[in-house]
**Student:** 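If you scroll down you'll find the structure; I have some questions about it.
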Amino acid sequence: MSDMRRLLLIDGHSMAFRAFYALPVDNFATSTGQHTNAVHGFTSMLLKLIAEEKPTHVAVAFDVGSETFRTREYSDYKGTRDKAPEEFASQIPLIKEVLDALRIRHLEAPDFEADDIVATLKTSAEDSGFDDVLICSGDRDTLQLVTDTTTVLYPTKGVSVLKRFTPGAVEEKYGVPPARYPELAALVGETSDNLPGVPGVGPKTAAKWIGQYDGLDNVIARADEIGGKAGQSFRDNLENVLRNRKLNHLLADMDLGVGFDELIVEPVDREAVHTVFDALEFNTLRDRVFATLDADASASASDKPDLSFDIASWSDDGDLAAFLQTHAEDENAQRIALAISEGATDVDRFALATRSHALVLNLSALPEGEDAVLSAFLSGPAPKIAHDAKQLWHRLRALGYELDSVVFDTDIAAYLIHPDQRRHSLIDLAQRYLDRDVAASDAESGQLAFELDSDAAIDTLAQQALAIAELEVQLTGELEDRALSHLMTKLELPVQRILQDMESTGIAVSATVFNELFDELDADVKQAAADAYAAIGEEINLSSPKQLQRVLFEDLQMPKTKRTKTGWTTDAEALSDLFDKTGHPFLAALLAHRDRIKLRQIVETLRSATADDGRIHTTFQQTVAATGRLSSTDPNLQNIPARSEAGLRIREAFVVGEGFETLMTVDYSQIEMRIMAHLSGDAGLIEAFRKGEDLHNFVGARVFDVAIDEVTPQMRSRVKAMSYGLAYGLSSFGLSRQLGIEVGEAKSLMDEYFDRFGRVRDYLRTVVEQARRTGFTETMFGRRRYLPDLTSDNRQRREMAERAALNAPIQGSAADIIKVAMISIDDALTQTGLASRMLLQVHDELVLEIAPGELEQVEALVREHMAGAAKLNVPLDVSVGVGESWRAAGH
DNA sequence: TTGGTCACGTA
DNA sequence: CGTACGTGACCAAG
């Protein structure tokens, strides 16, 4: 249509490097073990840029070797950089192969950096009348190249989110125009290049001076006029500045011997693309290449460049009823994927999608009729899918909608498949399973709500909903392959519903108790601090391990404790040891201070986490713990102190809420040991549990060969430590250290144990062996944990994986069992029409709030469903406590 | 402002 | 040289 020319220049090295760290190295490798994460990330970014920016010309510049004219000028240039890991270096040649196949020119010049090539091409492109130059680089030095026609795209998150630096954006961010950016950088320095600047001068000061004196040259000329510490520092470090300025200037007049005709975007070399992508085992990415860069497809693909689906409609103007009728109500109705915009904007957008069609609504301006239709749909029986439905449920609830009938959650599915990944963002999943980028294209540019709610943002939301719909198909397949589908439908989704209610209900707390406790602890902290200062005659920061080490090991010359990465430990155990040895009063005061300040901190956190309704609403994380447990955040209510007196007083502040009669705690006693008895089938352990004997006395009697009533407290505590340690892969060394006995003694203790309870040893061995063979462990309910490190050459990693393999089936089965119990308790409460409710789950314990008059009934119900949650060959003992506060209801 | 380290609370 | 978590302080990077 026109002869407009737009040049895209990419700093290949810096973008590949960003990609390497943005994508998990483990997930991208060929069957032969070649790492490909950087190649994948780079290629994906490149295709996206070409599809979105539609350049007419493209070039990629690379560094060559490590020696350049800059390193000769200043031998320490980039001297602090670690050598790139081998996994990265081997990918650079592969990226060049990809570029060759795509017929994209890549350039390098000995003695120069990629930046210089970029600068040179940019300058001559502007001279020869290009309309536009785009520079994509992760090196801030390129900002000096920004002009009205040259924009730098700088990665802010991975390689998929790029910030557009126009002259205005540079000025806004750094306070200087682009041409003066290197002057600012010279003053500030660049640590990643090992170029120190002027200590005490940051971007703000630098920008101020440059503006005030009109450029760095004048700042230097009038250095004597600059007052203050910063001024003196500047005069002292003038050499640094001059050197930095010299080094960060990009050369723009290299002789590259390449004409712009050679940079024109051309149809790819199809044959070569197949060869290269076969070798890299990139399949979906290959389709994107052909969609983006292939001449044959380009005519039809021009309006939907890189997407395999068609956004048939997305609009605000009320096609909801029609959309639902078409997609959700006919006889082969699809499940509808739902997504909601980030909470940051004034406008709440909501997307509904099938795998091929999406509709985006503006919830903030929905016509009344539409609103009713949406409301009925969301709360009705039509099957829905989402990514993190619990979060969506909370958002919708705040907007006045009820969400029901969620039949699939892509976040949970991804968690069941990869329980070791701590995050399963939709963006990552779409990238991995659909090879598609559904990230907001430029999150940073959206300073204004207006921009955040731009067409691009709406499009992103539509694409996310479409991705969720497509992911369901892929993830369902994966779940079925791994026999995990029942965990999703029978366990995790019902638990998710319950967690929603628990989170929104919260637990009542007493502000008075918190306030009194805080004041008391605060006084203790101050007293302990004063005692500590008096004991050493100076006021140090008692919370700084570094300063403590100085005092303890240098000034006071105390014996060295266990090593940490950076010095010697000052943990409570070591400090007590030192106190026993030296009796120094500082240590006692320090320990007291540690204890009190920690408790004070907990109280403060809880106090400020209390909502207006006088209750604390934690968030239960259902997709982070690798074993299948829940975790709790904001605040964490699963680690409230339960041992010390002061800790227990914190539990006194958790109280029964208005309109309810009392709190109840229910917990499984020794559930992990019972699971071990069940899984191992050890007759001795099973007998202990069936007889209802005190487990540790029973085991102690066997191990020490005495009658049960002759087991001394010392014997009991030793076998107790051992029993628990076994489920964690405890070694004789660890046991000896914990019990303070010789390794030999610990060893013979373990031998005695295994002689009496031999099936336990067999079981533990089998678990690891089988996991090594299959690659994963399994709980009683089939929840898997993959442990590739079991075959690692690295002993430490291998042994760590072995311990995880021992523990995962036990901890995980316990997690499964209490989840089952929660579901059947919730069910029973609903069925019976009781108003009592679950508030918290703490791994083997539930906290409930009992409605007036329901105590007996609920207790019976809870006991029944907890004990009946799993059929083991030993009984599942449950103990119940009741009281006004969590402490009183505790055991 | 971020990320790593240390320390410490729970099951 | 015992598993699984989350939080907060400090401190050196950014």
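Residue numbering restarts at 1 for every chain, and letters A, B, ... go by the order of the sequence lines. No experiment lies behind these values; they were computed from the predicted model shown.
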**Student:** Do we get R18(A) above Y154(A)'s six-membered ring, with its NZ or CZ under 6.0 Å from the centre and within 45° of the axis?
**Tutor:** yes

**Student:** Quick one: is S631(A) getting a side-chain N or O under 4.0 Å of the dG6(C) phosphate, OP1 or OP2?
**Tutor:**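 Yes.
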
**Student:** Residues in side-chain contact (heavy atoms from CB on, under 4.5 Å) with Q796(A), at least two apart?
**Tutor:** N794(A), M800(A)

**Student:** Using a heavy-atom cut-off of under 4.0 Å over every strand shown, decide if G734(A) touches base, sugar-phosphate, or nothing.
**Tutor:** sugar-phosphate

**Student:** Roughly, in whole Å, what's the span from CD1 in I671(A) to C1' in dT3(C)?
**Tutor:** 16 Å

**Student:** For A626(A), answer base if it contacts any base atom (sugar-phosphate contacts may also be present), sugar-phosphate if it contacts only those atoms, and nothing otherwise; contact means non-hydrogen atoms under 4.0 Å.
**Tutor:** sugar-phosphate

**Student:** Does any non-hydrogen side-chain atom of H696(A) lie less than 4.5 Å from one of Y724(A)?
**Tutor:** yes

**Student:** State which residues pass side-chain contact (heavy atoms from CB on, under 4.5 Å) with A19(A); sequence neighbours excluded, sorted by chain then number.
**Tutor:** V159(A)

**Student:** How would you list, by chain and number, every residue that makes a side-chain contact (heavy atoms from CB on, under 4.5 Å) with Q638(A), sequence neighbours excluded?
**Tutor:** F620(A), L630(A), S631(A), S632(A), N636(A), Q841(A), V842(A), H843(A)

**Student:** Hey, are E745(A) and R718(A) close enough for a salt bridge, meaning a charged N less than 4.0 Å from a carboxylate O?
**Tutor:**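 So E745(A) pairs with R718(A) through a salt bridge.
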
**Student:** Using a cut-off of 4.0 Å on non-hydrogen atoms, how would the nucleic acid contact of R600(A) be classed: base, sugar-phosphate, or nothing?
**Tutor:**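 Answer is nothing: R600(A) stays at 4.0 Å or more from every strand.
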
**Student:** With a distance cut-off below 6.0 Å to the six-membered ring centre and an angular limit of 45° from the axis, does R785(A) pair with F776(A) as a cation-pi contact?
**Tutor:** no

**Student:** Roughly how many Å is it from CD in Q601(A) to C1' in dG6(C), rounded to a whole number?
**Tutor:**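 After rounding, the reported distance stands at 13 Å.
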
**Student:** Of the nucleotides dA4(C), dC5(C), dC10(C), which has the atom closest to the R422(A) side chain?
**Tutor:**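 Closest nucleotide among those given: dC5(C).
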
**Student:** Can you check whether S544(A) has a side-chain N or O nearer than 4.0 Å to OP1 or OP2 of dA9(C)?
**Tutor:**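 For dA9(C), neither OP1 nor OP2 has a side-chain N or O of S544(A) closer than 4.0 Å.
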
**Student:** Can you sort out which residues in residues 736-748 of chain A have a heavy atom within less than 4.0 Å of DNA chain C? Ascending by number, please.
**Tutor:** Q738(A)

**Student:** Go nucleotide by nucleotide along DNA chain C from the 5' end; which of T605(A) and P419(A) gets its closest nucleotide reached first?
**Tutor:**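 It is P419(A) whose nearest nucleotide is closer to the 5' end.
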
**Student:** Side chain of D411(A), backbone of D388(A): donor and acceptor closer than 3.5 Å?
**Tutor:**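 Not at all, since once roles are kept as given, no pair shorter than 3.5 Å links the two residues.
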
**Student:** Test of understanding: with side-chain hydrogen bond (donor to acceptor under 3.5 Å, both in side chains), list the residues that count as partners of T779(A), not counting sequence neighbours.
**Tutor:** D816(A)

**Student:** For a quick check, with a 4.0 angstrom heavy-atom cut-off, what is the B/S/- contact string for nucleotides 4-11 of chain B, read 5' to 3'?
**Tutor:** -SSSBBSB

**Student:** Can you check the distance between dC1(C) and dT5(B), where both ends of the measurement are the P atom (answer in whole Å)?
**Tutor:**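 Rounded to whole Å, the distance is 15 Å.
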
**Student:** Between N807(A) and D634(A), name the one whose nearest nucleotide on DNA chain C is closer to the 5' end.
**Tutor:** N807(A)

